[in-house]
2 protein chains.
Amino acid sequence: MDARALETLRTVGTQGGVTAAAAVLHLTPSAVSQQVALLQREVGVPLTGRVGRGLRLTPAGEALAEAAVDVAVALERARAACDEFLERPQGVVRVSAFQSGAQLLLPALLTRIEAIEGITLECTDEDVAQDDFVALTDRMDVVVAHRPDDGLGWAGGRAVRVVPLLREPLDVAVPHDHPLARRTEVRPEDLRDLPWIAVREGFPVATVLGAVGARSGSAPRIVHRVNDFHVVEALVEAGHGVSLLPRYTFGGGARVRLVPLVGVRAGRRIDALLRRDRAERLVVRRVLDELRALAVDIDTA
Amino acid sequence: MDARALETLRTVGTQGGVTAAAAVLHLTPSAVSQQVALLQREVGVPLTGRVGRGLRLTPAGEALAEAAVDVAVALERARAACDEFLERPQGVVRVSAFQSGAQLLLPALLTRIEAIEGITLECTDEDVAQDDFVALTDRMDVVVAHRPDDGLGWAGGRAVRVVPLLREPLDVAVPHDHPLARRTEVRPEDLRDLPWIAVREGFPVATVLGAVGARSGSAPRIVHRVNDFHVVEALVEAGHGVSLLPRYTFGGGARVRLVPLVGVRAGRRIDALLRRDRAERLVVRRVLDELRALAVDIDTA
DNA sequence: CGTGACGATGTAGCGTTGCTGCATGGATGC
DNA sequence: GCATCCATGCAGCAACGCTACATCGTCACG
């Protein structure tokens, strides 16, 4: 029973297909298919079943993939056991973050890590839909993800560890000459009939605006759907609508005001997502520690 | 980090050398040496150190070998997870037992297992010194071993599981025409100055006779050292001395009497020894269950 | 104190494994 | 019904891991 093959099976499960798994593992679909076939012959139970033109794990396959998590954890723990005998943790850690989270956290994280000899950070910004954050953990060591404050958790199951970093309030962004700009706070009722700039459906915090609308009594009038907060800011600045912007991330252009929203729970939670096996790596734990400390700094600032 | 290489390292540790490990793994010493060297390069810490012409694990090596246990366990658990989806457990299980234990347990175990479709038992009798039973677990799935009743446990550490099977009293074997033969029980004092037939030094239950001697006040006079109980029986029968024989195992030739010994704790414990990873295998667990049930039958008979 | 034996470890050579590239077959959607 | 996408089988090739042999160091014995 090859640990590598188990890892492959697991990836086929999480990525939902041979081709996707192959991309993550830097292999050809053929290689992945062969590994799974070999594993299947070894255990004597069908592990995958065709569904349409795709492929899904059978219950046996799921069980094996589940067990594969523990194998991966044990292997990483073994490596960590040796690293304890090295003076300092070393290696490269791949960190991904959604755009605004990257802007908020990655620069400071990099300076913190730079001070530590031997750790190399490979950063990426990944803007994916809410449901796709978990799948990123196959490619990345640490995935900084966000979700609505009221939302449920992440659907990674036992295989991914969720580390809460901070809660960031969402404020109402209005042009500096807008009637609401001088207010110290606004309530949902104040926002009725305003033109909204929202994020695209399915993306994190898309649901928050809906909650605000429900609280105000009428569905918000969405005039644009823009994911990049800088573009949003530019649009708000030019008077094309109002929006919800995360408080800490917002750069603070003078021509856009952020007004706290009260009377409704408007915020996002920023979490670090990582596979349990990756979490065993000493360097990863070190980076994660820095990330948590950094989040605390921001939260208490 | 290759699970196979970890297994190899572990075997080098338990077997105490490259050559011995190679024999167990059915490899050449060169292959074992290369695997360890590769592992060492990967982790960047020395795992082995020369001691004399031999070789021992460094602390880092010990730590890694320890962690390797969990890897092996996780792998076997993965296999077991699939086997759950097969109707019946199947596979071959290698069982070893010391001579008299084999005689006592293996025939009945085989008949029990024969009733189960798909399980094949490969039995061996292995007469080794007390300290060498644990090392057998590398080659065998289940090792039936024995130790003095008062002795300490087994020195396998976290890696081997010890399953107690039964306690067998050691009786005094005398010729049928010996003065003690008509007694219903004897005390240590009664045994003073008798000629003893003992097992070779270092072999299990060798220490028991010493305890009996200590209790009687004078060291026993050992005239022969014979390991095989049948030979012992023949010697006793011919009047060449008395001995201690296990009660259940003793065939009961009419010309030799077993007399219970009171006033001193004379017995041996029969345990099943197996590596924790092997213990995860479904078939192994099944065989072990039968073995335990069998032992209970004997104990209560 | 030299000699023989044993044990670990390099090196050369070879077989096997596992990969890529391409072709095929099945299922979907426009 | 055709184009597309996906999984899979097959041929070829590279790389890995094994064996066999040689070497070096250490220990026992004369």
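Order of the sequence lines sets the chain letters (A, B, ...), proteins ahead of strands, with each chain counted from 1.
- Taking atom CG of residue A:D2 and atom P of nucleotide D:dC16, one finds them 15 Å apart after rounding to whole Å.
- The CG-P distance, from B:L25 to D:dC18, rounds to 10 Å in whole Å.
- Note on ring orientation: taking the six-membered ring where Trp is involved, the planes of B:F133 and B:F98 are perpendicular (angle over 60°, cut-offs 30° and 60°).
- Separating the CD atom of B:Q15 from the P atom of C:dG7 is a distance of 13 Å, rounded to the nearest angstrom.
- Distances shown here put a side-chain N or O of A:T28 below 4.0 Å from the OP1 or OP2 atom of C:dT20.
- Between the CZ atom of A:R53 and the C1' atom of D:dT8 there is a distance of 16 Å, rounded to whole Å.
- For the pair A:R50 CZ and C:dG25 C1', the interatomic distance rounds to 9 Å; values are reported in whole Å.
- Judged purely by atom type and a 3.5 angstrom limit, B:T120 has no side-chain atom pairing as donor or acceptor with the backbone of B:V92.
- Taking every side-chain heavy atom of B:L27 into account, D:dT19 is the closest of C:dG18, D:dT19, D:dA7.
- The separation between B:Q40 atom CD and C:dA8 atom P is 14 Å, rounded to whole Å.
- As a whole-Å value, the separation of A:L38 CG from D:dA7 P is 19 Å.
- Each of B:V163, B:D125, B:I270 was compared with B:V144 under the side chain to side chain contact (heavy atoms under 4.5 Å, CB included) criterion, and only B:I270 meets it.
- Toward the 5' end of DNA chain C, the nearer of the two residues A:G52 and A:Q35, judged by each one's closest nucleotide, is A:Q35.
- At a cut-off of 3.5 angstrom, the base of C:dT17 holds no donor-acceptor pair with the side chain of A:Q34.
- Neither side chain, A:E62 nor A:T58, offers a donor N or O lying under 3.5 Å from an acceptor on the other.
- The base of C:dG21 sits with one of its N or O atoms less than 3.5 Å from a complementary donor or acceptor on the side chain of A:S30.
- Taking only side-chain nitrogens and oxygens, B:R4 never comes nearer than 4.0 Å to OP1 or OP2 of D:dC16.
- Distance, A:R41 CZ to D:dG9 C1': 12 Å, rounded to whole Å.
- Judged by distance alone, the side chains of A:T11 and A:D138 never bring a donor and an acceptor atom under 3.5 Å apart.
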